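Taking it in order: structure first as structure tokens, then the write-up.
None of these values were measured; they are calculated from a predicted model.
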Number of protein chains: 2
Amino acid sequence: MIQQLIHVQKQIVPDLLDTLRHRYDILHYVRLMQPIGRRTLATSLGLTERILRREVDFLKDQGLLAVATQGISLTESGRNVLRDLHEVMGEILGISEVARELEQKLGVRQVVIVPGDSDETFWVQRDIGRAAVTQLKARLAPDDNIIAVTGGTTMASVAAMMSPDKKERPMHFVPARGGLGETLELQANTVCSRMADRAHADYHLLHIPDEVSQETFERMVEEPSIKNVLEMIRAARIVVHGIGEAETMAKRRRATPEHLQMIERHEAVAEAFGYYFNAEGEIVHRVKTVGIQLEELDNMDTVIAVAGGKSKAQAIAAYAKHTPNIILVTDEGAATELLTCY
Amino acid sequence: MIQQLIHVQKQIVPDLLDTLRHRYDILHYVRLMQPIGRRTLATSLGLTERILRREVDFLKDQGLLAVATQGISLTESGRNVLRDLHEVMGEILGISEVARELEQKLGVRQVVIVPGDSDETFWVQRDIGRAAVTQLKARLAPDDNIIAVTGGTTMASVAAMMSPDKKERPMHFVPARGGLGETLELQANTVCSRMADRAHADYHLLHIPDEVSQETFERMVEEPSIKNVLEMIRAARIVVHGIGEAETMAKRRRATPEHLQMIERHEAVAEAFGYYFNAEGEIVHRVKTVGIQLEELDNMDTVIAVAGGKSKAQAIAAYAKHTPNIILVTDEGAATELLTCY
DNA sequence: TGAAAGTGGGACAAAAAATGTCCATACTAA
DNA sequence: TTAGTATGGACATTTTTTGTCCCACTTTCA
């Protein structure tokens, strides 16, 4: 029914659907940046001042935007409309359809797509984060939830978008892997703690490098502080994780030249939990890591894989082929690339 | 979901729904009158030539209209779009909602509303007819269908819109009442025969006046030709009938001055099957008629009451209060009037 | 406290689009 | 053949849109 309406509207009033999208973009951007000035907004959206002004005046008349001396911001009803709009935008842009096609093609459990391309527009990353949070909350158990999370830029924005559960279901966050690379912001530990903070929930940290020798591992595992956390990780029923590009991850991990060569020789394109995949989704290399192992994902209730941007399309394709149990949260850019090229 | 979309669109691109409706009207009119010239079309729709031209050019570019030297007509995809549009238009105009409210308010089985007001725009009558036919066909039994129909202008346009059943379910049409008044076109017999013709179905006629004295009735009922038809009428499971305004009907029936006075004294507003109703839906007068009696409606599987136009709102209200078992097919004009005033 | 940067709103000319109107020409039906 | 009706082209005029400045005001930071 709704498909029908949109299809008809595309035929009969196509330009108005375009302005719908423009105005959606404006509201969307204002929500992120409010209060924001007219000129700043115009340049950010790539519109001339006058054009934007017309739109803003219109939206002000509709009571969706409030414009004051400190800038433009959303009104109450603006927020409401934007939220509703958010839900139907998928249909309007035909994204829902793309999502269904992707589910079929990749054979994964569910695909969620947000509009835009995070390679091109910075705020799309936030939307991906928001969508991932929504998916996570939709799958919380009423009683006990141990949620394992990984690191990375994408996961950092998932954490930034976390908010307390309205139904106050208990959550405990644990890192799914050990420390990896240098940047503090991208550590699983950091993401874990920030996410828990924003959710007003517990968390535990894993103070151990991701890659360790067998002996070190066996010794450290006896440490109570580590042992406990590892047990919690094993008990997790929900995992939220990013998908890495093989090369990037190898560099971040400061891999040895031999490793890098191996990755190159096997044409690895994706990385997750220390496993490297080639374009066909086959495991071509494996780094012994602490934390969740790939095989364990099959026993999880919910595995949410989050990754966006056209550049990550290949990595997503490779990983998804190997792991059908995931809920994939991505963006339009990656999704369409994935559908057309892989 | 679709409500949500429409609600959001009303807020964010109010023009969208307006121009959608304009273009819908154009397509709609073209379907009825094709091929039609640009100027004729413009004056019919109350638009200036230039305005209409812009719209037609647009619709031509979209491939929905074909414009040739003999005039403007619908293309194949124009017909398809219009059909889809027809289905969603109810939602867009908020008619579906009105219909549901009316069902509640009148307490009838179902209400179907077509856009427009047949008092103001002549083609709305046709749409009502089309809608009634759709309802009728949706309720045909697979095996045997005896359908009783009355006369009147509204019923005449139902007959005009009848078409053969695609599933070829057998239908037999009979008049629900005898002959009444002078105009041949509006006789139940005429409607019955035309409807059957257009449906490629059987029919039987009832050659007897609607109003007769008891003795005449008893004598004529012995006539085999009449007796058979009356038996078929008793066996009918489906009735399609119009709703009359009391005064109009009394005049058409050439009522005696006493009758007219009685109608006026009791403030009768509606008529059906020889029964007169006041505004409260009470029976205030009854003419002894041949054919279906009001009480018999309760035993019918399907009773489709058809009436449109703001002027008939009161009659519809009165009749519907008394007869909750009906499926009411009407138009926007009558429906909104009914909802606001009665 | 003062200045700098950022804000909305007003104003206005230039450009573009929409509109009303007429006319020429082509086709159709009688 | 003719009368009538059709479209498409043309064009001046009106209306709307658009790009650009400037001004007064507020906030913020030094």
Side-chain angles (χ1 to χ4, degrees), chain A residues 12-79 122-123, chain B residues 12-79 122-123:
Chain A
I12 260 185
V13 279
D15 38 341
L16 289 178
L17 285 182
D18 290 344
T19 65
L20 177 66
R21 169 146 211 188
H22 284 145
R23 291 179 182 164
Y24 167 71
D25 285 342
I26 293 173
L27 291 176
H28 191 204
Y29 199 98
V30 168
R31 181 177 61 168
L32 292 177
M33 308 295 283
Q34 63 186 324
I36 183 176
R38 190 214 305 156
R39 275 173 273 261
T40 322
L41 188 54
T43 50
S44 301
L45 291 168
L47 302 172
T48 70
E49 186 191 332
R50 203 66 187 72
I51 298 280
L52 180 98
R53 198 164 163 182
R54 185 163 55 91
E55 298 297 338
V56 167
D57 283 350
F58 171 84
L59 292 170
K60 188 177 66 178
D61 289 346
Q62 294 290 317
L64 304 179
L65 290 182
V67 34
T69 151
Q70 61 271 52
I72 301 164
S73 46
L74 279 183
T75 64
E76 176 68 26
S77 64
R79 272 192 296 279
F122 74 90
W123 74 69
Chain B
I12 230 175
V13 275
D15 300 353
L16 182 140
L17 294 175
D18 290 343
T19 60
L20 183 65
R21 167 140 213 194
H22 281 146
R23 291 178 182 165
Y24 167 72
D25 284 343
I26 293 173
L27 292 175
H28 191 203
Y29 200 98
V30 168
R31 182 178 63 168
L32 292 176
M33 308 294 282
Q34 62 185 327
I36 184 177
R38 191 211 304 155
R39 272 175 274 261
T40 323
L41 189 54
T43 50
S44 301
L45 290 168
L47 302 172
T48 69
E49 185 190 333
R50 203 67 186 73
I51 298 280
L52 180 97
R53 199 163 161 182
R54 187 164 55 90
E55 298 296 340
V56 167
D57 282 351
F58 171 83
L59 292 170
K60 188 178 66 179
D61 288 346
Q62 293 291 316
L64 304 178
L65 290 182
V67 33
T69 150
Q70 63 272 49
I72 302 164
S73 46
L74 279 182
T75 65
E76 176 69 26
S77 63
R79 272 192 295 278
F122 75 89
W123 73 69

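For the pair Gln70(B) CD and dA29(C) C1', the interatomic distance rounds to 12 Å; values are reported in whole Å. Look at CD1 on Ile36(B): it is 18 Å from C1' on dC27(C), rounded to the nearest Å. One atom, CG of Asp15(A), and another, P of dA17(C), lie 13 Å apart when rounded to the nearest Å.
Nucleotides of DNA chain D nearest to Thr69(A) and Arg39(A) differ in position, and the one nearer the 5' end is that of Arg39(A).
Smallest separation of non-hydrogen atoms from Thr40(A) and Ile36(A): CB-CG1, 4.0 Å. Shown here for Thr75(A) and Leu65(A), the closest heavy-atom pair between the two residues is CG2-C, 3.6 Å. Considering all non-hydrogen atoms of both residues, Ser77(B) and Gly63(B) come closest at OG-O, 2.9 Å. Leu74(B) and Leu27(B) make their closest contact through CD2-CD2, 3.7 Å (heavy atoms, listed as atom of the first residue, atom of the second, distance).
The backbone N or O of Val13(A) lies less than 3.5 Å from no partner atom in the side chain of Thr19(B), so there is not a single donor-acceptor pair.
Residues Ser44(B) and Phe122(B) have side chains not in contact (no heavy-atom distance under 4.5 Å, counting atoms from C-beta outward). Considering only heavy atoms from C-beta on, Asp18(A) stays 4.5 Å or farther from Arg21(A) through its side chain. Annotation: side chain of Ile12(A) is not in contact with side chain of Gln62(B) (no heavy-atom distance under 4.5 Å).
Along DNA chain D, read 5' to 3', the first and last nucleotides having any atom under 4.0 Å from a heavy atom of chain B are dA6(D) to dA10(D).
A heavy-atom distance below 4.0 Å to DNA chain D is reached by these residues of residues 48-56 of chain B, ordered by number: Arg50(B), Arg53(B).
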